[in-house]
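Just so it is clear, the model here is predicted, and its values are computed rather than measured.
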Amino acid sequence: MKKALYTGSFDPVTIGHLDIIGRASKLFDLTVGVVDNPQKKGLFTLDERVDFIKESVADFGNVKVAEFSGLLADYIKEEGFDVVVRGLRGMSDFEYECNMSHMNDTLFPRGVETVFLMGRAEYAFICSSWVKEVASLHGKVEGLVPENVRLALEKKYWRI
C-alpha cells in the first residue's frame with residue numbers, strides 16, 4: 001500500500017478532519033503530520049494537538065500521527081511518502097490547494113502525487129477557526145469536534 005501524508009495545524013482537529021483521515025486510511029498507509037509553525041500562535045500546543053489526534057484515531061490500524069516543522073517537501077523526502085492527501089470543503093479550498101499543489105510539484109521528488117478528497121457535505125462548513133470562535137463565545141461545539149477536543153475547548157474558554 002502507498003505511504004501517504006495528511007498535514008495540517010489541526011488547531012483543533014475537527015470531525016471534518018477525522019472524516020478525511022478515515023477515508024484516506026482506506027486508500028493508504030497514512031501519517032497525519034501535525035505542523036509546528038512558529039509564525040502561528042495556536043490555541044493548543046503542538047503536543048496537545050498531536051494527543052487529540054492520537055486519541056481520536058486510536059482504533060484506526062494504519063494511521064500514525066507525527067509532528068514536523070519546516071518545508072513539507074523536505075519532510076516528504078526524509079520520510080519517503082508517495083502521496084500527499086488534502087481535504088477540500090469547497091471551491092475556495094480548491095483554488096488554494098490547487099495552487100499549493102502546483103508549487104509542491106516543483107519541490108517534491110518525482111513520483112509524489114497530491115490526492116484531493118472532497119469533504120462530505122455535512123462537514124463542509126466546519127473549520128477550526130470557527131470552532132474556536134464559537135467555543136470562545138461559550139457556544140456548543142458538540143458534533144463539530146471529537147469529545148476530547150470539546151472538553152479541552154470548554155476547559156480553555158469556560159475555565160472549568
For [X] and [Y], indicate whether the former's side chain and the latter's backbone hold a donor-acceptor pair under 3.5 Å.
X      : Y     : value
Thr31  : Gly33 : no
Asn62  : Phe28 : yes
Ser25  : Val63 : no
Arg49  : Asp36 : no
His102 : Asn99 : no

Step by step, would you call Asp29 with Lys64 a salt bridge (charged side-chain N to carboxylate O under 4.0 Å, His left out)?
CA-CA 8 Å; Asp29 286 326; Lys64 297 181 207 164; over 6 Å; no
Show the nearest heavy-atom pair for residues [X] and [Y], with the distance to one decimal.
X      : Y      : value
Ser9   : Val34  : O-CG1, 3.9 Å
Ala66  : Tyr75  : CB-OH, 3.4 Å
Pro12  : Val131 : CG-CG1, 4.3 Å
Asp19  : Arg120 : OD1-NE, 3.0 Å
Val65  : Ile53  : CG2-CG2, 3.6 Å
Arg150 : Val145 : N-CG2, 3.6 Å

Pair Asn148-Ser56, side-chain contact (heavy atoms from CB on, under 4.5 Å): steps then yes or no:
CA-CA 8 Å; Asn148 58 344; Ser56 300; 3.7 Å; yes
Treating Ile, Leu, Val, Met, Phe, Trp and Tyr as nodes and any side-chain heavy-atom pair under 4.5 angstrom as an edge, say whether [X] and [Y] lie in one connected cluster.
X      : Y      : value
Phe68  : Phe44  : no
Phe125 : Tyr123 : yes
Leu72  : Met100 : no
Val115 : Leu5   : no
Phe116 : Val32  : no

Heavy-atom count check: over 12 atoms from other residues, nucleotides or ligands less than 6.0 Å from Met118 CE?
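Yes, the 6.0 Å shell around CE holds more than 12 heavy atoms from other groups.
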Any chance CD of Glu95 has more than 12 other-residue heavy atoms, nucleotides or ligands included, within less than 6.0 Å?
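Atom CD in Glu95 is not crowded, with 12 or fewer foreign heavy atoms closer than 6.0 Å.
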Mind checking the [atom1]-[atom2] spacing from [X] to [Y]? Nearest 0.5 Å is all I need.
X      : Y      : atom1 : atom2 : value
Ser101 : Phe94  : OG    : CZ    : 9.0 Å
Thr114 : Asp105 : OG1   : CG    : 6.0 Å
Ile21  : Lys26  : CD1   : NZ    : 13.0 Å

Go through it in stages, so that I can follow the logic: the residues are Phe52 and Phe10, the test is ring pair (Phe, Tyr, Trp, His ring centres under 6.0 Å), and I'd like the CA-CA distance, side-chain angles, deciding distance and then a yes or no.
CA-CA 9 Å; Phe52 292 149; Phe10 304 107; over 10 Å; no
Go through the steps to decide whether Tyr157 and Lys132 satisfy the test side-chain contact (heavy atoms from CB on, under 4.5 Å), and finish with yes or no.
CA-CA 9 Å; Tyr157 284 123; Lys132 289 184 283 194; 3.9 Å; yes
Would you say the side chain of Leu43 lies within less than 4.5 Å of the side chain of Leu153, judging by non-hydrogen atoms?
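Yes, at least one pair of side-chain atoms sits under 4.5 Å.
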Student check: side-chain heavy atoms of Lys155 and Leu151 closer than 4.5 Å
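Result no, sub-4.5 Å side-chain heavy-atom pair not found.
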Taking distance alone, no hydrogens or angles, what donor-acceptor pairs closer than 3.5 Å link side-chain atoms of residues 78-91 to residues at least two apart or in another chain?
| residue | atom | partner | partner atom | Å |
| --- | --- | --- | --- | --- |
| Asp82 | OD2 | Lys3 | N | 2.9 |
| Arg86 | NE | Glu97 | OE1 | 2.9 |
| Arg86 | NE | Glu97 | OE2 | 3.4 |
| Arg86 | NH1 | Thr7 | O | 2.8 |
| Arg86 | NH1 | Thr7 | OG1 | 3.0 |
| Arg86 | NH2 | Glu97 | OE2 | 2.9 |
| Arg89 | NE | Asp93 | OD2 | 2.9 |
| Arg89 | NH1 | Ile126 | O | 3.2 |
| Arg89 | NH2 | Asp93 | OD1 | 3.2 |

As a quick check of understanding, evaluate side-chain contact (heavy atoms from CB on, under 4.5 Å) for Glu67 and Asp47, giving each step before the final call.
CA-CA 9 Å; Glu67 58 188 68; Asp47 288 339; 3.8 Å; yes
Would Ser128 and Thr14 satisfy side-chain contact (heavy atoms from CB on, under 4.5 Å), going step by step from the backbone distance to the final call?
CA-CA 7 Å; Ser128 297; Thr14 69; 3.8 Å; yes
